[in-house]
Amino acid sequence: MPTESDLLAFREQARGRHQANSWVAQAEQDQVLRGLLGSVSDARVAGLRPVVCVDLDLTTLLAPAKSVDVLMQLVPTITEMPVSPRCAEMIDLLAAIWRGEQDALLPGYTSSAIAAYGVFMAACLEARTGLPFDQDRDACETWIASSVHGQLRNGYWNRDVERDAFSPGFSGFASELVAAGATIVFLSNRDPSLRAISLASLSGLLAGAAPIFAFFGPGGSPFDASSKAVAVQWIEAGVGAGVHFGRAVDGQTVFDEAALGGMTGEPQAIVAVIDDRAENRHQIVAAAIQSAARLNAVGLPPPREMACAAPGFCPEIEIVSTADALSSFIVGEQ
C-alpha cells in the first residue's frame, strides 16, 4: 500500500504529467537503462553470471486497446461522477478524454494501477480545467477507480492476446543486455491457457537476442507475486535457459525439479528486477538472498528494483518512491 506521502507526491507529479505520453522522461530513462548495463557488466567482470528478471504484462507486453475500449464503454456513466455543480465542467472533460478526443495516460489492469489512475485522472481534470476539487477529490478519485476496476480488472483477459503490443525498444535493449553479459529471465503468472501465445510473444520480444528463459506460475491472482519469488531459488541454483511451468500444491507454487533441466555451472546472481508492480519487485528481491550475498562478496550493490511505467499508461503510486523507473526500453532519442 502506498504511504500518505507517496500519495501526495503522486498527485503533484500527476499535475505535471497530465499531458505527457510517458510518466518517465527520456533523459531519466536513459540513465536508468545505462545504469543497468553497467551493473550487468560489473557483475560479469567480478566472475558472476548476472541475471535480469523481467515481467510480461504492462512491462514488456502492452494492451492499450483493452483500456481504450473500457473507457469508451464507461462514457455513459460519467454523469454519475460525484462532483459539485461548480465542477460540472469536469464531467464534459472526462467524457472527452474517455472518448479519446483528448490524450491522457491509460489505466493499467492491476488493482494498484487502477487505484493510481483514479488519482491521476482527478489531478488531470484539475490541471486542465483550473478548478480545485477540494472536498470532492477523494470521492472523485474513488469513483473513477472503482468504475474502471469493475470493467478492466476482471475483464482484462477477455481480448485477443496475440495482438498485444511489444514495449518499444525491448529487442534492441535485450541485445545490449546480452552483449554486456546478462541472462534475461521472464517471470509471469499468466494462466496456463495462454502459454502458447506467451511463448510466441517472448520470441518476438527477444527477436533472436537470446534463448527463451522463463518461469510461468500456475495462474490465479493468489500466485501473482509469490510464484515469481519461488522461481528465484531455481535461478540462484543455476538453472539454465528453458521454459519452466509451475503448478499449485497446497497453496504454493512448485516447479518440478526433474523438469528443470541442467545447471549452468556458474554462480548466477539476480542484479535487477523490472516489473510494473511494486509487490512483485519486493517479493522477488526479498527472496534473492543468495544473489545479494554473492554481489556483496565482490563489492557490488544488492539487486535493483526497477519500476516500469509502460508507455501510455498510468503507473502505480509507489513509483514515486522507487529509485529506478523506466517506461520503454529505448535508450536515447529515436
Side-chain angles (χ1 to χ4, degrees), residues 13 16-17 19-46 48-64 105-106 108 164-188 201-214 241 269-278 280-281 284-285 295 300-316 318-334:
Q13 290 184 21
R17 291 170 167 82
Q19 292 182 315
N21 58 13
S22 172
W23 188 270
V24 181
Q26 184 69 51
E28 297 170 351
Q29 176 173 290
D30 284 357
Q31 185 176 8
V32 171
L33 292 174
R34 294 186 191 283
L36 174 56
L37 290 172
S39 295
V40 168
S41 180
D42 290 344
R44 196 60 177 152
V45 169
L48 299 174
R49 184 174 185 178
V51 175
V52 177
C53 295
V54 186
D55 179 42
L56 286 182
D57 296 290
L58 215 61
T59 299
T60 50
L61 296 179
L62 315 179
L105 297 176
L106 297 169
D164 285 356
F166 294 166
S167 183
F170 185 83
S171 61
F173 188 67
S175 294
E176 292 193 58
L177 280 174
V178 172
T183 295
I184 301 170
V185 57
F186 294 93
L187 304 180
S188 178
S201 295
L202 288 180
S203 294
L205 278 167
L206 289 169
I212 295 177
F213 189 6
I270 295 170
V271 297
V273 178
I274 306 174
D275 201 307
D276 64 289
R277 298 183 65 183
N280 290 350
R281 299 192 303 271
I284 294 169
V285 169
L295 291 167
L300 297 177
R304 302 169 66 166
E305 290 192 31
M306 304 179 71
C308 184
F313 287 87
C314 176
E316 289 184 321
E318 286 89 343
I319 198 168
V320 301
S321 57
T322 303
D324 295 327
L326 56 90
S327 177
S328 69
F329 292 85
I330 297 171
V331 181
E333 297 293 342
Q334 301 293 307

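No experiment lies behind these values; they were computed from the predicted model shown.
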Straight-line distance of [X] [atom1] to [Y] [atom2], nearest 0.5 Å:
{"X": "Phe173", "Y": "Thr60", "atom1": "CZ", "atom2": "OG1", "answer": "13.0 Å"}
{"X": "Leu326", "Y": "Met306", "atom1": "CG", "atom2": "CE", "answer": "5.0 Å"}
{"X": "Leu62", "Y": "Cys308", "atom1": "CG", "atom2": "SG", "answer": "7.5 Å"}
{"X": "Ser39", "Y": "Leu300", "atom1": "OG", "atom2": "CG", "answer": "8.0 Å"}
{"X": "Leu205", "Y": "Leu61", "atom1": "CG", "atom2": "CG", "answer": "5.0 Å"}
{"X": "Ile184", "Y": "Leu177", "atom1": "CD1", "atom2": "CG", "answer": "5.0 Å"}

Thr322 side chain to Glu305 side chain, donor-acceptor N/O pair below 3.5 angstrom: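 There is no such pair (donor and acceptor under 3.5 Å, judged by atom type) between the side chains of Thr322 and Glu305.
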
Heavy-atom check, side chain of [X] versus side chain of [Y], under 4.5 Å:
{"X": "Leu36", "Y": "Val32", "result": "no"}
{"X": "Pro302", "Y": "Val285", "result": "no"}
{"X": "Asp55", "Y": "Ile274", "result": "no"}
{"X": "Ile330", "Y": "Leu33", "result": "no"}

Closest non-hydrogen atom pair, [X] against [Y]:
{"X": "Ala214", "Y": "Leu202", "value": "CB-CD1, 3.9 Å"}
{"X": "Ser22", "Y": "Leu105", "value": "N-CD2, 4.1 Å"}
{"X": "Leu58", "Y": "Gly108", "value": "CD2-CA, 3.7 Å"}
{"X": "Pro168", "Y": "Pro311", "value": "CD-CG, 3.7 Å"}
{"X": "Arg17", "Y": "Trp23", "value": "NE-O, 2.8 Å"}
{"X": "Leu206", "Y": "Pro211", "value": "CD1-O, 4.0 Å"}

Within the side chain of [X], is there an N or O that forms a donor-acceptor pair under 3.5 Å with the backbone of [Y]?
{"X": "Arg304", "Y": "Gly35", "answer": "yes"}
{"X": "Glu28", "Y": "Ala325", "answer": "no"}
{"X": "Ser41", "Y": "Ala180", "answer": "no"}
{"X": "Ser327", "Y": "Ala309", "answer": "yes"}
{"X": "Asp30", "Y": "Gly332", "answer": "yes"}

Is the ring pair Phe329/Phe170 parallel, tilted or perpendicular, if the boundaries are 30 and 60 degrees?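 The rings of Phe329 and Phe170 stand perpendicular, inter-plane angle above 60°.
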
Residues two or more places apart in sequence or in another chain: which of them pass side-chain hydrogen bond (donor to acceptor under 3.5 Å, both in side chains) with Arg277?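 If we apply the side-chain hydrogen bond (donor to acceptor under 3.5 Å, both in side chains) test to Arg277, skipping adjacent residues, the hits are Asp224, Glu279.
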
Can you list the steps and then say if Val273 with Leu187 is a side chain to side chain contact (heavy atoms under 4.5 Å, CB included)? CA-CA 10 Å; Val273 178; Leu187 304 180; 6.0 Å; no

